[in-house]
Protein chains: 2
Amino acid sequence: MDSPRKRTSTAQPRAPADHAERFRRVRDAHQSETAEDYVEIIAELIGEKGEARLVDLAECFGVTKATVNNTIQRLQRDGFVTSEPYRAIFLTDKGRKLAAASRERHLVVRDLLISLGIDPETAEADAEGIEHHVSKTTLEAFRRHLAKQRRPRD
Amino acid sequence: MDSPRKRTSTAQPRAPADHAERFRRVRDAHQSETAEDYVEIIAELIGEKGEARLVDLAECFGVTKATVNNTIQRLQRDGFVTSEPYRAIFLTDKGRKLAAASRERHLVVRDLLISLGIDPETAEADAEGIEHHVSKTTLEAFRRHLAKQRRPRD
DNA sequence: CAACTAAGTTAGCTGTAGCTAAGTTAGGTT
DNA sequence: AACCTAACTTAGCTACAGCTAACTTAGTTG
Ligand SMILES: [Mn+2]
Ligand SMILES: [Mn+2]
Ligand SMILES: [Mn+2]
Ligand SMILES: [Mn+2]
């Protein structure tokens, strides 16, 4: 007598306090967040050093190797990476796709912040959190704004 | 032989892959997030209906009453709210302060998104997640941008 | 004033994400 | 070939944040 998951989905005339759906989306974003950051960094490491080792990830995220190990197992379970005991970590196709999209979005968010006059250091830091909450629509708007900036008078 | 918390803090010449600190900040933001959203909504409910009831919060966040109950206990433990069994929930001074700051920031973030041409619906939704990752510096830049927009030629 | 119901509470479960401590393995050095 | 050590794994813990199911209370209503 309590399950809050269903929502009539009939696109009602504007429910009073329709906060719930928004908060649900934020919670969803938090779920995807770890995967997005991991595959992005893994792709980066593979690009830079040829392979992604657990110890590099630990250093990169500022967590212990044990934590990374757990996370990698979850990512493997969810089909983003493959890895055999004591070996490097690889991306699946699904992982590579997510990595590419995440990287793109990350850069757009960072550049947008910079375009608003924020210093690159802060922009990079804030982008790391903001990126996961930027919808397709908003990302598009960010891209448009950047394009406009680049050629002010067209 | 593994604790990743310390960082020499000597402000080194730019460590290679200084990602760690950024991710730490994102994790911190996630910790404060629940408190920020709750006090904001509680303040809103008190403003609108005179009091904030557990059942309203549950509806608002789209979670069960049991979940809200847990959260309120944590918020009480952390000094943001007071509440006695079967009674309404009130904000402490600390809670009211956090609520005011959160609301302010929320509005700035939302308005900034709108000012970039994003529809209010999407802006509101994305702001709900983004707000928690916007630093003081970035918030200031957002405010500046909004001021500039409002009076285009000064 | 009794009874019903909505609101709130409690107990007990799940999964994520972090940690420490202790053990194992792979691969380079001698 | 043996050995060291860094890399990795495992086990076992914590807190947060969600859930269901069952229970209790407060307040309204007949
Ligand atoms: Mn990123
Ligand atoms: Mn990120
Ligand atoms: Mn929020
Ligand atoms: Mn908010």
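A note on names: the letters A, B, ... follow the listed sequences, proteins ahead of strands, and every chain is numbered from 1.
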- Query: Checking all strands, does T34(B) fall into the base, sugar-phosphate, or nothing category for heavy-atom contacts under 4.0 angstrom?
  - Reply: sugar-phosphate
- Task: Answer with base, sugar-phosphate or nothing: what part of the nucleic acid does Q73(A) contact at a heavy-atom distance below 4.0 Å?
- Result: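 Result for Q73(A) = sugar-phosphate.
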Please report the distance, rounded to the nearest Å, between [atom1] in [X] and [atom2] in [N].
{"X": "K65(A)", "N": "dA21(C)", "atom1": "NZ", "atom2": "P", "result": "13 Å"}
{"X": "N70(B)", "N": "dA15(D)", "atom1": "CG", "atom2": "P", "result": "14 Å"}
{"X": "R25(A)", "N": "dG18(D)", "atom1": "CZ", "atom2": "C1'", "result": "20 Å"}
{"X": "R87(A)", "N": "dA26(C)", "atom1": "CZ", "atom2": "P", "result": "6 Å"}
{"X": "Y86(A)", "N": "dG23(C)", "atom1": "OH", "atom2": "C1'", "result": "8 Å"}
{"X": "Q31(B)", "N": "dC16(D)", "atom1": "CD", "atom2": "C1'", "result": "8 Å"}
{"X": "D78(B)", "N": "dA15(D)", "atom1": "CG", "atom2": "P", "result": "12 Å"}

- Message: Ignoring hydrogens, what is the shortest heavy-atom contact between A52(A) and I42(A)? Give both atom names and the distance.
- Response: CB-CG2, 3.8 Å
- Task: Return the 5'-most residue of the pair E84(B), P85(A) with respect to DNA chain C, ranking by each residue's nearest nucleotide.
- Result: E84(B)
[N], OP1 or OP2 - any side-chain N/O from [X] closer than 4.0 Å?
{"X": "R27(B)", "N": "dC16(D)", "answer": "no"}
{"X": "N69(B)", "N": "dG8(C)", "answer": "no"}
{"X": "R77(A)", "N": "dG15(C)", "answer": "no"}

- Residues E40(A) and R105(A) bridged, charged N to O under 4.0 Å: no
- Under 4.5 Å between any side-chain heavy atoms of E131(A) and E36(A), yes or no?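 No, their side chains stay 4.5 Å or more apart.
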- Which of parallel (below 30°), tilted (30 to 60°) and perpendicular (above 60°) describes H30(B) and H30(A)?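 Because their plane-to-plane angle is over 60°, the rings of H30(B) and H30(A) count as perpendicular.
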